[in-house]
Amino acid sequence: MIVVIPPFRRWAGGSDRDGRDRIDPAMPETTLAAAAIRWYDENARDLPWREPDVGAWAILVSEIMLQQTPVVRVLPAWRAWLSRWPTPAALAADTPAEAIRMWGRLGYPRRALRLRECAVAIVERHSGVVPTDLDALLALPGVGTYTARAVATFAYGQRHPVVDTNVRRFVARAVAGEPDAGPATRPADLVATEALLPAEPVRAARASAAFMELGALICTARTPRCADCPVTEVCAWRASGRPAPTGPTRRPQQYAGTDRQVRGLLLAVLREATGPVPHERLDLVWADAAQRSRALAGLVADGLVELVGDACVLAGDRPG
DNA sequence: TAACCGTGGCG
DNA sequence: TCGCCAAGGTT
């Protein structure tokens with residue numbers, strides 16, 4: 001396996017004179033981490049899942065909810081969810097339908113289903129305690145590379161690179177000098193971010209939180225606030241004159257007129273309903289019958305909806 | 001790898 | 001107005 005030494009190693013360790021090619025545990029933490037943490041100490045948002053006494057379950061719930069969903073919309077949903085289901089066991093004992101209802105309009109309702117499956121798995125495999133092991137976390141439904149590392153890091157203080165879209169963008173700019181990150185997280189992104197982390201685990205966790213916060217508040221996708229950035233002195237993107245993205249811009253995902261919109265409309269009706277919803281009621285939400293039935297079939301296949309005779313209910317809802 | 005999977009707010 | 005974006009995961 002060929003290991004490519006990224007150019008930021010030139011200054012990542014604070015010294016490049018010995019030409020070292022691997023991270024020395026005793027090496028002082030990176031310029032980026034130190035500056036980011038200093039900034040984070042003064043500028044971090046007061047988000048409830050960052051409070052010191054918050055448990056792993058609450059952090060896991062926040063991470064799932066925050067997938068592709070802005071913080072402001074997650075805040076009330078997170079409070080309501082944990083108030084109702086303070087433990088994995090509590091959620092595991094309830095129906096998918098209630099989880100889907102509680103999810104409200106956060107979007108991507110399959111996450112509600114997976115979060116409940118996650119709770120079931122935690123009860124069955126881990127005695128109701130969110131596992132600490134990275135591989136055990138990765139094995140949970142709805143938990144991928146980012147979420148597993150985020151929980152292991154922020155809930156348990158382990159030292160892992162935590163790479164979300166904010167961190168990818170921040171590292172792509174500050175370290176690689178690129179105007180934006182690639183569309184998906186790659187192993188190389190984990191390697192590049194890991195190289196920036198302080199050696200001490202709890203401080204590494206703080207660095208990860210700081211990188212994420214910088215990406216969310218300063219090193220934003222559209223209009224980066226470089227004037228307020230704590231690492232602007234060492235930012236490779238700024239040093240090269242903030243070049244604009246060159247390659248083909250990936251087209252944004254479509255929504256209007258797609259099956260996803262129809263699924264959303266159908267599920268909104270079922271969420272509000274107290275009993276089984278006749279097909280005639282669902283017919284009202286979308287004119288195209290073929291697309292309507294395709295969307296409904298998708299909801300059923302995903303386990304969000306069940307057919308009860310000539311009507312529909314959220315999965316697990318009692319027909320009567 | 002790329003398409004699929006919601007929803008709402010903002011520039 | 002409407003394209004773009006928001007703490008991804010799954011297939």
Side-chain angles (χ1 to χ4, degrees), chain A residues 40 44-45 47-50 58-78 100 103-115 117-118 137-155 160-171 180-187 189-190 193 205 208-217 219-225 245 248-271 285 294-295 297-299 301-305:
Chain A
Y40 184 80
R45 292 168 290 182
L47 301 177
W49 44 83
R50 288 176 176 167
I59 289 175
L60 174 57
V61 171
S62 79
E63 294 299 345
I64 301 282
M65 287 185 169
L66 286 163
Q67 291 169 3
Q68 302 285 285
T69 308
V71 165
V72 285
R73 258 192 291 160
V74 166
L75 282 168
W78 180 81
I100 296 165
W103 197 254
R105 305 184 67 80
L106 276 185
Y108 294 134
R110 292 190 296 191
R111 289 183 294 167
L113 230 44
R114 301 233 172 85
L115 184 48
E117 293 165 6
C118 198
L137 286 164
L138 273 171
L140 296 173
V143 174
T145 304
Y146 162 75
T147 304
R149 290 163 180 281
V151 171
T153 297
F154 300 136
H160 302 287
V162 182
V163 180
D164 71 339
T165 184
N166 289 312
V167 174
R168 282 214 318 281
R169 185 174 56 247
F170 173 73
V171 173
D180 260 315
T185 298
R186 297 162 160 280
D189 296 319
L190 297 180
T193 303
S208 286
F211 293 155
M212 290 176 65
E213 194 77 341
L214 273 174
L217 300 184
C219 197
T220 55
R222 261 184 264 189
T223 314
R225 302 167 53 196
T249 61
R250 55 192 176 98
R251 65 163 56 87
Q253 60 182 5
Q254 288 207 308
Y255 182 66
T258 63
D259 286 3
R260 292 162 68 183
Q261 183 184 15
V262 183
R263 287 168 56 112
L265 292 170
L266 292 172
L267 206 61
V269 172
L270 292 166
R271 217 166 27 220
V285 307
R294 189 170 64 239
L299 290 171
D302 285 346
L304 288 160
V305 172

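Numbered from 1 within each chain, the chains take letters A, B, ... in sequence-line order.
Nucleic acid contact for A/W49: base, since at least one base atom lies under 4.0 Å from a heavy atom of the residue. Nucleic acid contact for A/V74: none, since no nucleic acid atom lies under 4.0 Å from a heavy atom of the residue. Among the heavy atoms of the strands lying under 4.0 Å from A/A221 are primed sugar atoms or P, OP1, OP2 only; no base atom is included. Within 4.0 Å (heavy atoms only), A/T165 reaches sugar-phosphate atoms of the nucleic acid but no base atom. Residue contacts for A/R169: at a heavy-atom cut-off of 4.0 Å it reaches the sugar-phosphate backbone alone, with no base atom in range. Residue A/T145 is classed as a sugar-phosphate contact, given heavy-atom separations below 4.0 Å to backbone atoms only. Across all strands shown, A/A184 has no heavy atoms under 4.0 Å from either base or sugar-phosphate atoms. Among the heavy atoms of the strands, none lies under 4.0 Å from A/L113.
For the C1' atoms, the distance linking B/dT1 with C/dT11 amounts to 11 Å, nearest Å. Comparing B/dC10 with C/dG8, their C1' atoms are spaced 22 Å from each other, to the whole Å. On the P atoms, B/dA3 is 23 Å away from C/dA7, given to the nearest whole Å. Taking atom P on both C/dG9 and B/dG8, the two are 23 Å apart, rounded to the nearest angstrom. Nucleotides C/dA6 and B/dC5 place their C1' atoms 15 Å apart, quoted to the nearest Å.
Protein atom CG of A/L299 is 16 Å distant from nucleotide atom P of B/dC4, rounded to whole Å. In this structure, the CD atom of A/Q254 is 16 Å from the P atom of B/dG6, given to the nearest Å. Taking atom CG on A/L138 and atom P on C/dG8, their separation rounds to 16 Å, with Å as the unit. Atom-to-atom, CZ of A/R114 to P of B/dC4 comes out at 16 Å; the value is rounded to the nearest Å. Residue A/E117 contributes atom CD, which lies 15 Å from atom P of C/dG9 at whole-angstrom precision. Atom pair A/R149:CZ and C/dG8:P shows a separation of 15 Å (rounding to whole Å applied). Distance CG (A/L217) to C1' (C/dC5): 15 Å, rounded to an integer number of Å. Atom OH in A/Y146 sits about 13 Å away from atom P in C/dA6, given to the nearest Å.
The CG atom of A/L299 sits 7.5 Å away from atom CG of A/L270, with the distance rounded to the nearest 0.5 Å. Remark: A/L66 CG to A/R111 CZ distance equals 8.5 Å, nearest 0.5 Å.
Side-chain atoms of A/V171 and A/D189, non-hydrogen and from C-beta on, never get closer than 4.5 Å to each other. Counting heavy atoms from C-beta outward, A/W103 and A/R271 have side chains that stay 4.5 Å or more apart. Put simply, the side chain of A/Y108 reaches to within 4.5 Å of the side chain of A/R260, judged on heavy atoms. The side-chain heavy atoms of A/L60 and A/W49, taken from C-beta on, include no pair separated by under 4.5 Å.
Side-chain contact check for A/Q67 and A/Y146: no donor-acceptor pair (N or O, by modelled atom type) lies under 3.5 Å.
For the pair A/D259 and A/R186, both in contact range of DNA chain B, the more 5′-proximal nearest nucleotide belongs to A/R186. Summary of the strand contacts: A/R110 and A/D180 both lie near DNA chain C, and taking for each the nucleotide with the nearest heavy atom, the more 5' one is attributed to A/D180.
Side-chain N/O atoms of A/T147 include one lying less than 4.0 angstrom from OP1 or OP2 on C/dG9. OP1 and OP2 of B/dG6 both lie 4.0 Å or more from every side-chain N or O belonging to A/R111.
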Item to complete: Starting from the C-alpha separation in whole Å, work towards a yes-or-no answer on side-chain contact (heavy atoms from CB on, under 4.5 Å) for A/V167 and A/S208.
Response: CA-CA 8 Å; A/V167 174; A/S208 286; over 6 Å; no
Item to complete: Evaluate side-chain contact (heavy atoms from CB on, under 4.5 Å) for A/N166 paired with A/L214, printing each intermediate quantity in order.
Response: CA-CA 8 Å; A/N166 289 312; A/L214 273 174; over 6 Å; no
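Looking at residues 59-67 of chain A, you'll see A/E63, A/L66, A/Q67 sit with a heavy atom under 4.0 Å from some atom of DNA chain C.
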Distances for protein N or O near nucleotides 7-11 of chain B N or O, under 3.5 Å:
from: B/dT7; atom 1: OP2; to: A/Y255; atom 2: OH; distance (Å): 3.4
from: B/dT7; atom 1: O2; to: A/R73; atom 2: NH1; distance (Å): 3.2
from: B/dT7; atom 1: O2; to: A/R73; atom 2: NH2; distance (Å): 2.7
from: B/dG8; atom 1: OP1; to: A/R105; atom 2: NE; distance (Å): 2.4
from: B/dG8; atom 1: OP2; to: A/R105; atom 2: NH2; distance (Å): 3.2

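Not a single donor-acceptor pair under 3.5 Å links the side chain of A/R294 to the backbone N or O of A/D259. Checked by atom type and distance alone, the side chain of A/R168 never pairs as donor or acceptor with a backbone atom of A/V163 at under 3.5 Å.
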